[in-house]
Amino acid sequence: MLRVEEGFLYQAPRGTSDILPGEQVYWGYIRQKASAICALYGYQRIDTPTFEDARLFERSIGEETDIVEKEMYTFEDRSGDRLTLRPEGTASVCRAYVEHGMHTLPQPVRLYYDAAIFRYERPQAGRYRQHHQFGVEALGDGDPALDAEVIEMAWQFYVNLGLRGLSLNLNSIGCNSCRPAYLDSLRDYYSQHRESLCPDCKRRLSRNPLRILDCKKPSCIPFSERAPRSIDYLCRECAEHFDRLERYLVLLNLPYVVNHSLVRGLDYYTKTVFEIAPEGEIAAQATIGAGGRYDDLIEQLGGKPTPAIGFATGIERLVRNLKKQKVAVPANPSHAVFIAYLGQDAKDVAMKLASHLRNSGLSVALTFGDRSLKAQLKQANSTGVQRAVIIGDDEVRSGAVMLRDMDKGEQEMIPLDKVAEVLSQVVA
RNA sequence: GUGGGCGUAGCCUAGUGGUUAAGGCGCCAGGUUGUGGCCCUGGAGAUCGAGGGUUCGAAUCCCUCCGCUCACCCCA
């Protein structure tokens with residue numbers, strides 16, 4: 001235990017965690033599936049800075065949202081600039097799109113990222129102060145077919161991971177021209193029942209009536225079931241967009257359900273919003289992926305009017321679900337060979353041989369503590385190697401080494417200069 | 001930000017007021033003067049999350065803080 005002074009010991013900051021080697025099999029698996037699906041759909045990787053000008057997030061996510069109001073890690077640097085550790089991935093990608101003139105590329109521009117996300121929240125299962133998201137953004141095309149493609153890609157990603165029993169929730173929250181009328185009617189409706197709503201929802205009534213819809217309080221749910229539905233208030237363009245999207249989803253055999261109370265916590269969404277969560281789990285932190293269209297955001301950030309849609313998934317939550325569903329992930333490959341040595345002359349030979357084998361593309365494990373052969377073979381055993389090379393005085397003198405098959409327990413002498421050749425044939 | 005549960009070596013667990021805090025896994029070493037997986041023996045490793053208080057005496061009771069966890073809130 002690391003103890004620095006009385007009463008204090010270093011540990012990872014609250015809500016963060018070390019991802020240890022034993023966990024990395026999941027992370028490697030997820031990232032491999034992520035880059036594979038991106039290759040299939042033609043998405044290219046983009047990396048953006050971990051921190052950005054604070055105003056980028058305040059303007060894109062929305063000043064009135066919980067994320068901006070109380071969850072951002074915002075600080076001043078030594079020159080007085082206000083910076084924020086990114087609380088989501090989309091704003092940075094849009095900023096980069098504008099900054100680098102990506103509107104001159106063939107549209108839509110398809111990008112993906114895999115990045116750490118920071119929010120000051122009270123940690124619990126599936127919710128952290130630093131977590132990781134894999135996300136995709138398709139910028140520069142307003143066709144509902146693109147919505148369908150992004151949703152299909154997200155769905156297929158989970159299928160490829162081996163996750164089962166997921167449900168896809170879909171809704172449309174309209175655009176700037178039709179949403180105000182919808183919000184008015186929501187306000188009117190809930191105002192009639194104001195006294196029956198929970199305190200939080202009374203507050204939401206004036207500020208953000210959309211959020212009342214997904215209140216989980218038993219007292220509020222019955223009202224939300226009879227509340228005006230956004231899809232009934234869509235303008236002609238939004239209604240047609242939603243209609244065509246549904247047809248494409250059916251065409252692609254995607255088992256979606258329209259959820260009229262699905263709203264998102266970020267203000268930039270327009271038209272299509274969707275969420276993917278394990279069936280039957282309503283808890284907010286059960287959602288493993290979510291996304292939607294944000295047709296006004298790029299213009300809002302100083303670019304030309306550019307429709308776009310994106311999707312993001314929380315990697316920690318994926319790991320959680322992979323474990324919960326006991327999905328078998330491929331184990332990390334072990335070393336090909338362990339080299340054990342006895343005595344200082346043999347140690348020289350061992351080091352040279354290790355270097356030579358590694359240059360030949362073979363992964364080598366060995367330990368340098370001049371330990372007993374028994375101890376070294378014990379370690380070879382727990383390392384899981386198929387073969388061990390044993391070098392002692394006899395081998396140094398004869399110029400050959402003992403090659404031991406760890407499964408069979410058989411061994412034979414091999415000339416030193418043939419070891420690489422023999423091992424490459426023998427080891428998978 | 002609110003409320004509940006929890007915190008004993010790297011991991012899991014016993015111990016709920018009384019002499020050097022017990023065991024399992026793992027680690028290290030020996031049993032084999034050059035041979036792993038099983039077995040046996042030994043060793044290292046814990047200021048019992050931290051700080052303060054009650055008491056002759058605290059891992060055990062009380063307070064505060066930190067962390068984990070669950071439910072809210074919200075989000076991936």
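Atom set for the values below is all heavy atoms of this structure, side chains included, hydrogens, waters and symmetry mates excluded. Here is how names work: the chains are called A, B, and so on, in the same order as the sequence lines, proteins then strands, and each is numbered from 1.
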**Report entry** Rounded C1' spacing from G10(B) to A46(B) in Å
**Finding:** 12 Å
Requested in this report: Using a heavy-atom cut-off of under 4.0 Å over every strand shown, decide if Arg211(A) touches base, sugar-phosphate, or nothing.
Outcome: sugar-phosphate
Query raised in the report: Between atom CD in Glu316(A) and atom C1' in U69(B), what is the gap in whole Å?
Result: 17 Å
Query raised in the report: Of Tyr120(A) and Ile276(A), whose nearest nucleotide on RNA chain B comes first from the 5' end?
Result: Tyr120(A)
Query raised in the report: If pairing requires Watson-Crick or G-U wobble contacts with both distances under 3.5 Å, which nucleotide is the partner of G17(B)?
Result: none
Query raised in the report: Contact class for Gln376(A) (heavy atom, under 4.0 Å): base, sugar-phosphate, or nothing?
Result: nothing
Query raised in the report: Any side-chain donor-acceptor pair under 3.5 Å between Thr287(A) and Glu275(A)?
Result: yes
Report task. Calculate the interatomic distance between Glu71(A) atom CD and C73(B) atom C1'; express it in whole Å. Result -> 9 Å
Query raised in the report: What's the OH-C1' distance between Tyr128(A) and G67(B), to the nearest Å?
Result: 14 Å
Query raised in the report: For Arg122(A) and G3(B), what is the distance between atoms CZ and C1' respectively, to the nearest whole Å?
Result: 8 Å
Query raised in the report: Taking NZ, NE, NH1 and NH2 as the nitrogens, is one of them in Glu71(A) or Arg122(A) under 4.0 Å from a carboxylate oxygen of the other?
Result: no
Report task. With a 3.5 angstrom cut-off on both distances, give the Watson-Crick or G-U wobble partner of G57(B), or none if there isn't one. Result -> none
Report task. Ignoring hydrogens and angles, state whether a donor on the side chain of Tyr233(A) or Ser185(A) is under 3.5 Å from an acceptor on the partner side chain. Result -> yes
Query raised in the report: Arg127(A) CZ to A71(B) C1': how many Å, rounded?
Result: 11 Å
Report task. Under 4.0 Å between any heavy atoms, over every strand shown, what does Leu318(A) touch: base, sugar-phosphate, or nothing? Just pick one. Result -> nothing
Report task. Provide the distance between the two C1' atoms, one in G30(B) and one in U16(B), to the nearest whole Å. Result -> 40 Å
Report task. For U19(B) versus G43(B), give the span between their P atoms, rounded off to a whole number of Å. Result -> 23 Å
Query raised in the report: Strictly by modelled atom types, are Asp370(A) and Gln344(A) linked by a side-chain donor-acceptor pair under 3.5 Å?
Result: yes
Query raised in the report: In whole angstroms, how far is the C1' atom of G67(B) from the CD atom of Gln11(A)?
Result: 5 Å
Query raised in the report: What does Phe134(A) touch in the nucleic acid at a heavy-atom separation under 4.0 angstrom: a base, only the sugar-phosphate, or nothing?
Result: nothing
Requested in this report: Both distances under 3.5 Å, Watson-Crick or G-U wobble: report the partner of U2(B), or none.
Outcome: A71(B)
**Report entry** A59(B) versus A22(B) - spacing of their P atoms, nearest Å
**Finding:** 13 Å
Query - Rounded interatomic separation in angstrom, taking CD1 from Ile67(A) and P from G1(B) - result: 18 Å
Query raised in the report: If the C1' atom of C68(B) is compared with that of C27(B), how far apart are they to the nearest Å?
Result: 26 Å
Requested in this report: Determine the Euclidean distance between corresponding P atoms of U20(B) and G42(B); express it in Å to zero decimal places.
Outcome: 23 Å
**Report entry** Tyr294(A) and Glu137(A) side chains, donor-acceptor separation under 3.5 Å
**Finding:** yes
Report summary line: Across every strand shown, the nucleotide meeting Watson-Crick or G-U wobble geometry with G26(B) (both distances under 3.5 Å) is none
**Report entry** Base-pairing mate for A46(B) - Watson-Crick or G-U, with both contacts under 3.5 Å
**Finding:** none
Query raised in the report: Among residues 14-21 of chain A, which residues get a heavy atom nearer than 4.0 Å to RNA chain B?
Result: Arg14(A), Gly15(A)
Query raised in the report: Do Thr74(A) and Thr84(A) get their side chains close enough for a donor-acceptor pair, meaning under 3.5 Å?
Result: yes
Query raised in the report: NA contact type, Ala388(A), heavy-atom cut-off 4.0 Å: base, sugar-phosphate, or nothing?
Result: nothing
Query - Geometric cation-pi criterion Lys323(A) and Tyr26(A), 6.0 Å radius, 45° cone - result: yes
Query raised in the report: Hey, are Thr383(A) and Asn381(A) close enough side-chain-wise for a donor-acceptor pair under 3.5 Å?
Result: no
**Report entry** Partner nucleotide of A9(B) by Watson-Crick or wobble geometry (both distances under 3.5 Å)
**Finding:** none
Requested in this report: Determine, for nucleotides 28-38 of chain B in 5'-to-3' order, which nucleotides have protein heavy atoms under 4.0 Å from the base (write B), from only the sugar-phosphate (write S), or from neither (write -).
Outcome: SSSB--BBBB-
Query raised in the report: What interatomic distance, in whole Å, is found between P of A21(B) and the corresponding atom of A50(B)?
Result: 15 Å
Query raised in the report: Do Phe311(A) and Phe157(A) have ring centres separated by under 6.0 Å?
Result: no
Query - Rounded P spacing from G36(B) to A29(B) in Å - result: 13 Å
Query - Note: Asp345(A)-Lys347(A) ion pair, threshold 4.0 Å (strictly below) - result: no
Query raised in the report: Please walk me through it: do Arg129(A) and Glu121(A) pass salt bridge (charged side-chain N to carboxylate O under 4.0 Å, His left out)?
Result: CA-CA 6 Å; Arg129(A) 288 186 176 178; Glu121(A) 302 192 80; over 6 Å; no
